[in-house]
Amino acid sequence: MADQKKLTPQGEDFSAWYNEVVLRSELADYSPVRGSMVIRPWGYGIWENMQRALDDMFKETGHENAYFPLLIPMEFIEREKDHIEGFAPELAVVTRAGGKELEEPFVIRPTSETIIYSMYAKWVQSYRDLPVLMNQWANVMRWEMRTRLFLRTSEFLWQEGHTAHATAEEAEEETLLILGIYRKFMEEWIGMPPLTGLKSESEKFAGAVRSYCCEALMKDNKALQAGTSHFLGQNFAKQFDLKFQSEDGQEEYAWNTSWGVSTRLVGGMVMTHGDDNGLVVPPRLAPVQATIVPILRGEDTTPVREKADEVAKRLKAAGVRVKIDARENISPGAKYYELERKGVPYRIEIGPKDLEQGQLALARRLTPEGEKRKAFLPEEEAIAELPNLLEAFQTELMETAIARRDANSVRGVKTLGELEEALEGGAGFVYSGWSGDPAVEETVKESTKATIRVLPGEEFRSPETPSKCVSGNGDSVTEVAWARAY
RNA sequence: CGGGACGUGGCGCAGCCCGGUAGCGCACCUGACUGGGGGUCAGGGGGUCGCCGGUUCGAAUCCGGCCGUCCCGACCA
């Protein structure tokens, strides 16, 4: 709104483009604290819509929300060996409170496994108390060395689910249930189709037995870890004495899972759909799905204003999130640019000509191939059709993203040379066989900057199972998807 | 933490080399005309030049130190 500068084009410098879109579409702003950001109403509205959708899906599958404290005794974090090793460098620690030095320092939660399982231990006595299926919406803090708006901020908002089960099988099932929910949510709501599967040892969560993940491909063909679901085994249960008496009277440790997605998803949305004109927000996530711009010209603007009110009221009744932009200090053209930059899916123009014709002018954020930017529809038809048009736009965004992901995937890579060649050629996910040797990951990372993003789940594997490891040494034990990542 | 760049009205920048009235574009305020893809004209408000010190009659400009930001790398569930 304020400036007339064009955005840096995506192809020129994707990261400059990304920063400009986030700032100038009013999703977020830099805060006075290093590495943390302020989420502005437009960005927060998108996050709220994500929250609502996920929360519904969690509740439908038997999960409940709860809230646990921000501060965690340092000693808790230190109990699980891998956990503290993984998180130690990025902990923010409170050492002073109430005017004096604390005997026991607290850490600002980087994640809440420890404090939550310490409470579960008090609540669970019998197998009849299991499973415990809880989720919390909260902020966490990780003092990362280098930060980027939404993608890696020192403080971020997320949901973290934590469950306890009587058997390993049931916990594993839960882990996969959530992975499926994440995938469905990312596809149907963000239009950001992820690859799902297992993480390699080197990439798994600090303290987990196995980590499953969603990896989505951004427009610059880099992968974004968009969500994780961890099978924790009994690692935490043993450290926090989370035990129960089984049906046959034995004392056993519970089996845990934890899973989370964060405001990083907003960044993923930006990098999946945005273009050189700014953000494109999928209709289901858009805080405002259609903005009405009344054309206030001539002597008497009352009829146009009244029509705008009436159309807005009827669209609201039809379930469309609609807003009227009747600001008089800026021109209609300036509003169009602003709405495009913010990614509002549809714009409706109502002017004196439309009143005469009994029509509305509809402009979509992305003009379909071969169509004019504005479509003039009879008023009744426009109002009746808009909900369908929004759904169609949503579907189109998802299909476009799937097509792009598949078009940028390279399968059947057999040698390190081919792997490098594919990545240098700008490929997204590159599939190959792998022996399971971490040294191969190291080698590839050094020469290409790419890592194993995921051991793809069944539905993503190549028709032909690779037999040899891409390194040339040994047989392949699993197919893997390589990519450069955020 | 290593390499590089940069800190000047709200935002983006020029001025610095060669010391001498702090400037430009956008934004903002007032008024008029305008209004269907970033309006025009006229008038106006706003800046301890990142901080501390030094040199000098005089420092945005020269010198020293500090702080901060961004990019690349390392780091990162």
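Values below: all heavy atoms of this structure, side chains included; hydrogens, waters and symmetry mates excluded. Every value quoted in this text rests on a predicted model; they were computed, and no experiment measured them. Protein chains get the first letters and strands the later ones, always in sequence-line order, with residue 1 at the start of each.
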*Go through the steps for Leu279(A) and Trp42(A) under the test side-chain contact (heavy atoms from CB on, under 4.5 Å), then give the verdict.*
CA-CA 11 Å; Leu279(A) 193 56; Trp42(A) 185 244; 4.0 Å; yes
*What class does the angle between the rings of His83(A) and Phe87(A) fall in, given that below 30° is parallel, 30 to 60° is tilted and above 60° is perpendicular?*
perpendicular
*Closest-nucleotide ordering on RNA chain B, the 5'-leading residue of Lys449(A) and Pro332(A)*: Pro332(A)
*Mutual orientation of the aromatic rings belonging to Tyr182(A) and Phe58(A) [parallel < 30°, tilted 30-60°, perpendicular > 60°]*: perpendicular
*Report yes if the ring of Tyr337(A) lies under 5.5 Å from the six-membered base ring of rG38(B) with planes under 30°, and no otherwise.*
yes
*Taking only side-chain nitrogens and oxygens of Lys335(A), does any of them come within less than 4.0 Å of OP1 or OP2 of rG36(B)?*
no
*Thr111(A) near the nucleic acid: base, sugar-phosphate alone, or nothing, with a heavy-atom cut-off under 4.0 Å?*
base
*In Watson-Crick or G-U wobble terms, both distances under 3.5 Å, what is the partner of rG20(B)?*
rC57(B)
_Glu90(A) side-chain proximity, nearest of rC76(B), rG38(B), rG35(B)_ = rC76(B)
*Using the P atom on both, measure rG25(B) against rU40(B) and round to a whole Å.*
13 Å
_What contact category does Trp259(A) fall into here, base, sugar-phosphate, or nothing, at under 4.0 angstrom with non-hydrogen atoms?_
nothing
*May I have the distance from Lys199(A) (atom NZ) to rC76(B) (atom C1'), rounded to whole angstrom?*
12 Å
*How close do Glu420(A) and Thr448(A) get, heavy atom to heavy atom, and via which atoms?*
CG-CG2, 3.2 Å
*Separation of rC76(B) C1' from Arg484(A) CZ (nearest whole Å)*: 18 Å
_Please verify the inter-ring angle class for Phe429(A) with Tyr431(A); under 30° counts as parallel, over 60° as perpendicular, anything in between as tilted._
perpendicular
*Just call it for Pro89(A): base, sugar-phosphate, or nothing, with non-hydrogen atoms closer than 4.0 Å on any strand.*
nothing
*asked:* Within the 4.0 Å heavy-atom criterion, would you say Ala361(A) contacts the bases, only the backbone, or no part of the nucleic acid?
replied: base
*Identified pairing partner of rC1(B), criterion: Watson-Crick or G-U wobble below 3.5 Å*: rG73(B)
*Could you work out the separation of rG65(B) and rA27(B) based on their P atoms and round it to a whole Å?*
42 Å
_Any strand: nucleotide that pairs with rU40(B) via Watson-Crick or wobble, under 3.5 Å_ = rA32(B)
*Which comes earlier along RNA chain B counting from the 5' end, the contact point of Glu340(A) or that of Arg152(A), where each point is its nearest nucleotide?*
Glu340(A)
_Closest to the Lys445(A) side chain, choosing from rC70(B), rG37(B), rC75(B)_ = rC75(B)
*Decide yes or no, distance alone: a donor-acceptor N/O pair under 3.5 angstrom between the base of rG37(B) and the side-chain of Arg347(A).*
yes
*Pick base, sugar-phosphate or nothing for Asn19(A), based on heavy-atom distances below 4.0 Å to the nucleic acid.*
sugar-phosphate
_Atom pair distance, as rounded to whole Å: CD in Glu299(A) and P in rC33(B)_ = 10 Å
*Specify the separation, in whole Å, of atom CG of Leu23(A) and atom P of rU69(B).*
15 Å
_Lys NZ or Arg CZ of Arg79(A) over Phe76(A) ring: under 6.0 Å, within 45°_ = yes
*Would you mind reading off the distance between Tyr30(A) atom OH and rG68(B) atom C1', rounded to a whole angstrom?*
14 Å
*asked:* Taking the minimum atom-to-atom distance to the side chain of Ser331(A), which one of rG39(B), rG36(B), rG37(B) wins?
replied: rG39(B)
*Out of Arg405(A), Lys199(A), Lys222(A), which one pairs with Glu215(A) under the salt bridge (Lys or Arg N to Asp or Glu O under 4.0 Å) rule?*
Lys199(A)
*Counting side-chain heavy atoms from C-beta on, which of rG38(B), rG36(B), rC70(B) comes nearest to Glu349(A)?*
rG36(B)
*In whole angstrom, give me the gap between the P atoms of rG53(B) and rG47(B).*
23 Å
*When the C1' atoms of rU8(B) and rA22(B) are considered, how many whole Å apart are they?*
9 Å
*Partner of rG7(B) by Watson-Crick or G-U wobble geometry, both contacts under 3.5 Å, or none?*
rC67(B)
*Given rG36(B), rG35(B), rG37(B), which nucleotide is nearest the side-chain atoms of Arg373(A)?*
rG37(B)
*Base, sugar-phosphate alone, or nothing: which one does Pro294(A) contact when heavy atoms must sit under 4.0 Å apart?*
nothing
*Looking at rG36(B), rC76(B), rC70(B), which one has an atom nearest to any side-chain atom of Lys353(A)?*
rG36(B)
_Rounded P spacing from rC57(B) to rG19(B) in Å_ = 15 Å
_Taking the C1' atom in each of rA32(B) and rC70(B), what is the distance between them to the nearest angstrom?_
44 Å
*Atom CZ of Arg24(A) to atom P of rG12(B): distance rounded to whole Å?*
11 Å
_Length of the CG-P vector between Leu151(A) and rC75(B), whole Å_ = 19 Å
*rG44(B) and rG4(B), which share atom name P, separated by this distance in whole Å*: 48 Å
*asked:* Give me the distance, rounded to whole Å, that separates rA60(B) from rG7(B) when you measure between the C1' atoms they each carry.
replied: 12 Å
*Write down the atom of Met37(A), the atom of Ala28(A), and the distance for their closest heavy-atom approach.*
SD-CB, 3.8 Å
*Under 4.0 Å between a side-chain N or O of Asn329(A) and OP1 or OP2 of rG39(B)?*
no
_What is the separation between atom CG on Leu7(A) and atom P on rC11(B), rounded to the nearest whole Å?_
18 Å
